[in-house]
Amino acid sequence: GRDVYVEAPEEEDGEDIIGWTVLDATGATVGTVRDYEDIPGNPCIWLDTEDGEVMLPLHDDLIVSADPDALEIIMVLPEGLL
């Protein structure tokens, strides 16, 4: 009959990747992460690119690597996604 309190686990909200550079598989710069949007089942990032704003799905199948020291994400971007 007593209340029990536990600490909730920290949730990753994607805010920590704002400002990171996104590169394609060839190493070319795609853009800079401007915002993170947590769409249930489909988290996305907004990029500032040379051609304007672009929204990309942040899916494990597209991410090759992420380097927190260099603040870079390397992604495989299928044709037509940009």
Who passes side chain to side chain contact (heavy atoms under 4.5 Å, CB included) against Pro68, sequence neighbours left out? Trp20
Indicate the atoms forming the closest heavy-atom contact of Asp38 with Pro43, along with that distance. OD1-CB, 4.3 Å
Side chain to side chain contact (heavy atoms under 4.5 Å, CB included) against Thr29, all qualifying residues, sequence neighbours excluded: Thr21, Leu23
Applying side-chain hydrogen bond (donor to acceptor under 3.5 Å, both in side chains), can you list everything that pairs with Ser65, at least two apart in sequence or on another chain? none
Let me check something: do Val64 and Val22 share a hydrophobic cluster, defined by ILVMFWY side-chain heavy atoms less than 4.5 Å apart, either directly or through other members? no
Nearest-0.5 Å distance that lies between atom CG in Leu71 and atom CD1 in Ile18: 12.5 Å
Which atom pair, heavy atoms only, marks the closest approach of Ala25 to Val76? CB-CG2, 4.4 Å
Transitively linked via ILVMFWY side-chain contacts under 4.5 Å: Leu77 with Val33? yes
Are Tyr36 and Val30 co-members of a hydrophobic cluster defined by side-chain heavy atoms under 4.5 Å apart? yes
Enter the distance from Met75:CE to Leu62:CG here, rounded to the nearest 0.5 Å. 5.0 Å
Rounded to the nearest 0.5 Å, how far apart are CD1 of Ile73 and CD1 of Ile17? 4.0 Å
With sequence neighbours excluded, tell me which residues meet side-chain hydrogen bond (donor to acceptor under 3.5 Å, both in side chains) with Asp24. Thr26
Donor-acceptor contacts under 3.5 Å from residues 53-61 side chains, at least two apart:
residue: Glu53; atom: OE2; partner: Arg34; partner atom: NE; Å: 3.4
residue: Glu53; atom: OE2; partner: Arg34; partner atom: NH2; Å: 3.1
residue: His59; atom: ND1; partner: Asp61; partner atom: N; Å: 3.0

